[in-house]
Amino acid sequence: MKTVLTTIVVSTLCLPSLGWAAGTLEAGYLRCEYRVDPMGVDVKRPRLSWIVQSDRRGDRQTAYRVLVASRPELLAKDESDLWDSGKVDSDQTIHVVYDGKPLESRKRCYWKVRVWNRDGKPSPWSDPAMWTTGLFEDDDWAAPWIAGTYKPAPGKEDHLRPATLLRTQFNIPENIERATIYLTGLGLYEARINGKRVGDDLLAPEWTVYAERIQYRAFDVTDLVQTGDNAVGAILSDGWYSGRILGLPGVSRRPFKGQRGFRMRLDVELAGGKTITIGTDPTWKETDEGPWRHCSLYDGDTYDARLEMPGWDRPGFDDSTWGPTREVAYPGTRLVWQPNEPIRATRELKPVELSEPEDGVYRFDLGQNMVGWCRLTIRGCDPGTEVTMYFVEWYNVDGKPVHAYGAKRTDTYICRSADEVVFEPKFTYHGFQYVEVRGLEEKPKLDNLTGVVIHSDAPRAGRFECSNPLINQLMASIYWTQIGNMHSVPTDCPQRGERLGWMGDPQTFSQAAIFNMDMAAFFSKWTQDIMDSQHPEGPFPDISHRVHPKHPRYASPAWADAGVFIPWRIYQNYAGIHLVEKHIDSMRAWIDFLHRNNPDLIWNKPRGRDYSDWVNLSNSRNPDFPRGPAIPKVVFATAFWHQSTTFVSKMYAALGRFEESDKYAELADGIRQAFNERFVSEDGRVGLLQDDGSVKDESQAGYALALRFGLLEGAQRERAVAHLVDNIEDTYGGRLSTGMQTTHRMMIELSRNGHHDLACRLITRRAFPSWGYMLDQGSTTIWECWDTFLEETGVNPRGTIFSFNHFALGSVAEWVYRFLAGFNDDPEHPGWKHFTIAPMPHKTVTWVKADYNSIRGPTRSDWRVENGKITLKVTIPPNTTATVRVPTTDAKSVTESGQPADRAEGITFLRAEKDAIFYGVESGEYTFAATYTPHESHTPHKEDE
Ligand code: BGC
């Protein structure tokens, strides 16, 4: 399908570059349910979105018309047999709900859009886009689930069973017009037609709460099916469904007793008009004797090439020794389309160094802590030789690999002959920078190994570059950490035996994640996972997915609260009100549960595992670091309860349900008052208030949350800011002591309360504890703890805390985008309909070039301070408006494209503050210049969390 993507170059590394005709407003980058040309959509009235572009300032869409047709030829003639929206006077460019003929399963929908500009002039039609419908009803599969005969031994830990191979053959007598396949499996599957892989997605069907939802995928496989004999094969492994997760007991206790299965429907449309449908059924054959011996997400793949069956996935293969399959059923679950971008291999890394630390142990260094696996060329080995790849994230001060508990992280290839082969695993992934290869007959060459990076392939949304190399290095590391922890769900880490959707981590990182990548589809899917994991009485889990019924973890403050924060982020950034509508009852149930249990409005119980401000520095193992209290857990919890309740109130208001909105606003206000009565002293100190009016256990984290979550007002706010600054400067000698839930929140509060200089000092600090310290130790990703590794003593020996790839402390990217680039959304106008660009230069950062590709189009902030002058170039997408802050006190000095700013087209003077002038700006590109005034105490980002 040729779409607008022919003019928009999209890759995971490049923002769309637009090639629009001059002089008109045009629509492009057409998406259905947040995806470009998705197949198998099971939403009966899907939402359509586009962006508009124009080379004129102040342009906007005044009307649109959408055409949807079942055939491209019709659409090409501007005809529509499914939907013609007619001309709709509206500026809506996102979430336009399909309102045409009721759609049926397995249909193709071709669509395009025309828009009218501010003068009422229509654009040409956009390039066409498409979606196909999926299988709405279970009966539409017209094929049962099938499985092999292998059964796990009852009660036995059995996560290392061989993959099953499944196959069938069929004949297509005529020329083929088109072939479409629908696929799903439990656990992981790879489907093949005539020897070739179907699609490029990995680790399908991905991770859902399988007892509730299993995702399927649809592909156009016209190129794979042929006239004459054909074969379909599938490899079926365990993965999240029936492999080991978190060291918990094995498959027998998982949903459906760990019974693996595969389901397929293949429609081959013939030139003569007929359609032949091939589906899974018990005539398929199966074997467990294939080469994939064990496949485990944590432990790795073991492949025995001696068991290869050449041609097993092609027609003509003799499968007479294979066994029969049988029908299986998974009652109670639903098959749904996969709304999120698939996991794909997005790039390859070549090693930078090869060494031989021990005889026969070849160590490749990829130069980057990455997540995925390796492709290895092997030759000259005797049959039966085991070649292993062992994955290492970091070497400790004693030269030994840092232990990643609970994961063997070894891929094994057992040779069939001395011929050269290339081995690449399938049903696992690892987090690593180094690979130790053992078992080779001869010394490999550097290019015998390639690192293959895999992750959920959400498009890149933001880019940031500035004059300070440390911050650039930090932002690159945060991005690598993000893609290293997006594998169907946001995970805490990629290397050890966890890799779970610990909800506190993405809750704190969510806005940073959204600035870096388009998370609309990924978070929409994960939100459903969260809701599927919710306890019937209201508590959200700490981990989504809830890993195991016998391992319940619920209701921990900040972790469970992700059940409210993530839908809020989707609303705030993507105006995804439909998701708010869908999930509001679940969010309300959570708040009501807390209220029932805590009628005095202090969150005392239940608090689950109460992780609180995890990895804060109250207990640092660095002997030189001051000992100080962590934020009291009840203070932490009550602050989060207040914020979640505030979000629920705001989301009710967005739905127009004002009565409920008022009710939760009132509750939030009650919590705020209770918080102030119990945790805030008269002089604005935050901690546990004592009878004598003093405060115990004051912490940076306490101030960060009280400020960020809007718990303090007026003079109390100012006092709290002063105490926070004293705590950092005096108590901690200019150092932070915060953990994963409060660090970036503290940074934001410093910058928006007149202490940007201190925030800039913290981000550019190189001594412990700091991001600079991590990078200076050679890290290319973000650590789990500030002291994951100490130069003197090595890796943190405490417990299990030694991950080098955890995104939570990278949440500071939100601060970088908000204050250095200056991008700030406006919650009154969700989905970046209106926003602010308010960069805050500092002597450590004298220029920035940043892009954020919002749901309504690309925005840009590109500024430089030089010789006492600031130049600020901004881009505002058509159909949106912005407030731009120019940091100057000299109104007369402000020009735009060389003209006095007050005379420039598209600009309105809004107000002058102590150290800046604010302009209202229409869409378009602008170049401001002015005499530069360093910031004093302005608040460009006014909003609370
Ligand atoms: C994870 C964290 C997670 C935490 C809960 C850890 O093992 O790696 O990132 O949020 O458990 O405290």
*Asks:* Is a donor on one side and an acceptor on the other found under 3.5 Å between the side chain of Thr388 and the backbone of Thr412?
*Replies:*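 No, the answer is negative, given that no donor and acceptor are paired below the 3.5 Å cut-off.
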*Asks:* Does a side-chain heavy-atom distance below 4.5 Å link Phe364 with Pro444?
*Replies:*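 Side chain of Phe364 against side chain of Pro444, heavy atoms only: contact under 4.5 Å found.
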*Asks:* For a ring-ring contact (aromatic ring centres under 6.0 Å, His included) check, start with the C-alpha distance between Tyr434 and Tyr395, then their side-chain angles and the critical distance, and finish with the verdict.
*Replies:* CA-CA 9 Å; Tyr434 306 92; Tyr395 288 92; 5.0 Å; yes
*Asks:* Within 45 degrees of the axis of the six-membered ring of Tyr216 and under 6.0 Å from its centre: does Arg265 put its NZ or CZ there?
*Replies:*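 The answer is no; the distance or angle limit is not met.
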*Asks:* Checking Arg460 against Tyr479: charged group under 6.0 Å from the ring centre and within 45 degrees of the axis?
*Replies:*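 Checked: cation-pi criterion met.
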*Asks:* Counting N and O atoms only, with roles assigned by atom type, does the side chain of Thr781 sit under 3.5 Å from a partner on the main chain of Phe804, one being a donor and the other an acceptor?
*Replies:*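 Yes; at least one donor-acceptor contact below 3.5 Å.
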*Asks:* Can you tell which of Gln338, Arg263, Met264 makes a side-chain contact (heavy atoms from CB on, under 4.5 Å) with Thr184?
*Replies:*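 So, applying the side-chain contact (heavy atoms from CB on, under 4.5 Å) to Thr184 and each of Gln338, Arg263, Met264, only Arg263 qualifies.
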*Asks:* Quick one, Phe262 and Thr164 - any side-chain contact, counting heavy atoms below 4.5 Å?
*Replies:*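 Result no, sub-4.5 Å side-chain heavy-atom pair not found.
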*Asks:* Assess the pair Trp322 and Phe317: is the distance between their ring centroids shorter than 6.0 Å?
*Replies:*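 Aromatic pair counts; centres sit under 6.0 Å.
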*Asks:* Taking side chain as C-beta onward, heavy atoms only, is Leu266 less than 4.5 Å from Phe170?
*Replies:*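 Yes, their side chains come closer than 4.5 Å.
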*Asks:* Measure across Ile235 and Ala163 and return the closest heavy-atom pair with its distance rounded to 0.1 Å.
*Replies:*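 Smallest interatomic distance, heavy atoms only, reads CG2-CB, 3.9 Å.
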*Asks:* In Å, rounded to the nearest 0.5 Å, how long is the span from CD1 of Ile172 to CD1 of Ile276?
*Replies:*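 It is 4.0 Å, given to the nearest 0.5 Å.
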*Asks:* If we ignore hydrogens and angles and just use 3.5 Å, is the side chain of Tyr429 paired with the main-chain N or O of Val453 as donor and acceptor?
*Replies:*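 No, because the side chain of Tyr429 does not come within donor-acceptor range (under 3.5 Å) of the backbone of Val453.
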*Asks:* Is Thr491 reaching over with its side chain to a backbone N or O of Leu500, donor-acceptor style, under 3.5 angstrom?
*Replies:*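 A pair under 3.5 Å: no.
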*Asks:* Work out which heavy atom in Cys374 is nearest to a heavy atom in Pro425; give both atom names and the distance.
*Replies:*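 Closest pair (atom of Cys374, atom of Pro425, distance): O-CD, 3.4 Å.
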*Asks:* Taking side-chain contact (heavy atoms from CB on, under 4.5 Å) as the criterion, tell me which of Leu440, Val435, Asn448 meets it with Tyr362.
*Replies:*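 The residue from Leu440, Val435, Asn448 that satisfies side-chain contact (heavy atoms from CB on, under 4.5 Å) with Tyr362 turns out to be Leu440.
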*Asks:* State whether the side chain of Ser355 and the backbone N or O of Pro357 hold a donor-acceptor pair below 3.5 Å, judged by distance alone.
*Replies:*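 It does not hold such a pair.
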*Asks:* Working to the nearest 0.5 Å, report the span between OG1 of Thr321 and CG of Asp319.
*Replies:*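 Rounded to the nearest 0.5 Å, the OG1-CG separation comes to 7.5 Å.
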*Asks:* What is the minimum heavy-atom distance between Asp382 and Glu441, and which atoms define it?
*Replies:*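 Taking every non-hydrogen atom into account, N-OE2, 4.1 Å.
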*Asks:* Taking the side chain as every heavy atom from C-beta outward, state whether Arg416 and Pro383 have any pair of such atoms under 4.5 Å apart.
*Replies:*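 The answer is no, as the side chains (C-beta and beyond) never meet within the 4.5 Å cut-off.
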*Asks:* What's the shortest heavy-atom distance between Thr208 and Ile214, and which atoms?
*Replies:*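 Residues Thr208 and Ile214, closest heavy atoms: OG1-CA, 3.9 Å.
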*Asks:* Decide yes or no for Met517 and Gln482: does some side-chain heavy atom of the first lie under 4.5 Å from some side-chain heavy atom of the second?
*Replies:*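 Counting from C-beta outward, Met517 and Gln482 do come under 4.5 Å.
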*Asks:* Salt bridge check: are Arg306 and Asp304 linked by an N-O gap of less than 4.0 Å?
*Replies:*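 Judged by the 4.0 Å cut-off on N to carboxylate O distance, Arg306 and Asp304 do form a salt bridge.
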*Asks:* Is the side chain of Ser488 donor-acceptor paired with the backbone N or O of Trp207 at a distance under 3.5 Å, no angle test?
*Replies:*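 The answer is yes, because a donor-acceptor pair under 3.5 Å joins these two groups.
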*Asks:* Taking the side chain as everything from C-beta on, heavy atoms only, tell me whether Thr377 gets closer than 4.5 Å to Val422.
*Replies:*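 Side-chain contact under 4.5 Å: yes.
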*Asks:* Determine whether Pro459 and Glu341 make a side-chain contact, defined as any pair of heavy atoms from C-beta on separated by less than 4.5 Å.
*Replies:*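 Pro459 reaches Glu341 side chain to side chain.
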*Asks:* Main chain of Ala521, side chain of Asn340: is a donor-acceptor contact present, judged purely on distance under 3.5 Å?
*Replies:*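 Pair absent, no side-chain N/O of Asn340 close to backbone of Ala521.
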*Asks:* Rounded at 0.5 Å granularity, tell me how far CG in Leu307 sits from CE in Met309.
*Replies:*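 That separation rounds to 7.0 Å.
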*Asks:* Supply the atom-to-atom distance Arg161 CZ to Arg260 CZ, rounded to the nearest 0.5 angstrom.
*Replies:*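 The CZ atom of Arg161 sits 4.5 Å away from the CZ atom of Arg260.
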*Asks:* Please walk me through it: do Arg178 and Arg108 pass side-chain contact (heavy atoms from CB on, under 4.5 Å)?
*Replies:* CA-CA 12 Å; Arg178 171 184 295 134; Arg108 301 175 85 81; 3.1 Å; yes
*Asks:* Looking at Leu165 and Gly290, what are the two nearest heavy atoms and their distance?
*Replies:*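 Residues Leu165 and Gly290, closest heavy atoms: CD1-CA, 3.9 Å.
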*Asks:* Can you list, pair by pair, the side-chain donor-acceptor contacts under 3.5 Å of residues 217-231, counting residues two or more places apart and other chains?
*Replies:*
from, atom 1, to, atom 2, distance (Å)
Arg217, NE, Asp201, OD2, 2.7
Asp220, OD1, Thr222, N, 3.0
Asp220, OD1, Thr222, OG1, 2.5
Thr222, OG1, Ala179, N, 3.1
Gln226, NE2, Asp229, O, 2.8
Thr227, OG1, Glu174, O, 3.3
Asp229, OD1, Asn171, ND2, 2.8
Asn230, OD1, Asn194, ND2, 2.8
Asn230, OD1, Gln226, N, 2.8
Asn230, ND2, Gln226, O, 2.7
Asn230, ND2, Gly228, O, 2.9

*Asks:* Taking it one step at a time, do Asn805 and Cys493 satisfy side-chain contact (heavy atoms from CB on, under 4.5 Å)?
*Replies:* CA-CA 6 Å; Asn805 205 345; Cys493 61; 5.7 Å; no
*Asks:* Any salt bridge linking Glu353 with Arg363? Criterion: basic side-chain nitrogen under 4.0 Å from a carboxylate oxygen.
*Replies:*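 Salt bridge: no.
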*Asks:* Whether the side chain of Arg326 engages the backbone of Gly148 through a donor-acceptor N/O pair (distance < 3.5 Å, no angle test) should be reported.
*Replies:*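 Indeed, once roles are kept as given, a pair shorter than 3.5 Å links the two residues.
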*Asks:* Using a strict 4.0 Å threshold on nitrogen-to-oxygen distance, state whether Arg244 and Asp238 make a salt bridge.
*Replies:*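 Salt bridge between Arg244 and Asp238, a charged N being under 4.0 Å from a carboxylate O: no.
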*Asks:* Salt-bridged, Glu498 to Arg496, with N to O below 4.0 Å?
*Replies:*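 Arg496 and Glu498: salt-bridged.
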*Asks:* Between Thr180 and Asp267, is there a donor-acceptor pair closer than 3.5 Å when you use the side chain of the first and the backbone of the second?
*Replies:*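 Judged by distance alone, no pair lies under 3.5 Å.
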*Asks:* Looking only at the side chains, is there a donor atom on one of Glu286 and Thr149 sitting less than 3.5 Å from an acceptor on the other?
*Replies:*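 Yes, because at least one side-chain N or O of Glu286 sits under 3.5 Å from a partner of the opposite role on Thr149.
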*Asks:* In the structure I gave you, are the side-chain heavy atoms of Trp292 and Ser237 within less than 4.5 Å of one another anywhere?
*Replies:*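 Sidechains of Ser237 and Trp292: no contact.
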*Asks:* Is it true that a side-chain atom of Thr346 and a backbone atom of Ile454 form a donor plus acceptor pair closer than 3.5 Å?
*Replies:*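 No, Thr346 side chain to Ile454 backbone: no donor-acceptor pair under 3.5 Å.
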*Asks:* Atom CG in Asp299, atom CG in Leu297: separation rounded to 0.5 Å?
*Replies:*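 That separation rounds to 9.0 Å.
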*Asks:* Atom CD of Glu33 and atom CH2 of Trp337: how far apart are they, to the nearest 0.5 Å?
*Replies:*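 The CH2 atom of Trp337 is 6.0 Å from CD of Glu33, to the nearest 0.5 Å.
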*Asks:* Tell me yes or no: between the side chains of Ser803 and Gln495, is some donor less than 3.5 Å from an acceptor?
*Replies:*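 Side chains of Ser803 and Gln495: pair found under 3.5 Å.
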*Asks:* Can you see whether Trp394 engages Gln433 through a side-chain donor-acceptor pair at a distance of less than 3.5 angstrom?
*Replies:*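 The answer is no; no qualifying pair exists.
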*Asks:* Please evaluate residues Tyr182 and Leu335 with respect to the criterion side-chain contact (heavy atoms from CB on, under 4.5 Å), reporting the C-alpha separation (whole Å), side-chain torsions for both, the decisive distance (0.1 Å), and the verdict.
*Replies:* CA-CA 11 Å; Tyr182 304 85; Leu335 282 175; over 6 Å; no
*Asks:* Is it the case that atom NZ in Lys350 sees more than 12 heavy atoms from other parts of the structure closer than 6.0 Å?
*Replies:*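 More than 12 within 6.0 Å, yes.
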*Asks:* Determine whether the aromatic ring centres of Phe423 and Tyr303 lie less than 6.0 Å apart.
*Replies:*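 Between Phe423 and Tyr303, the centre distance is under 6.0 Å.
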*Asks:* Verify whether one side chain among Arg409 and Tyr298 offers a donor that lies under 3.5 Å from an acceptor in the other.
*Replies:*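 Tyr298 and Arg409 do not have a side-chain donor-acceptor pair below 3.5 Å.
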*Asks:* Measure across Lys285 and Ser320 and return the closest heavy-atom pair with its distance rounded to 0.1 Å.
*Replies:*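 Closest approach of Lys285 to Ser320, heavy atoms only: NZ-CA, 4.1 Å.
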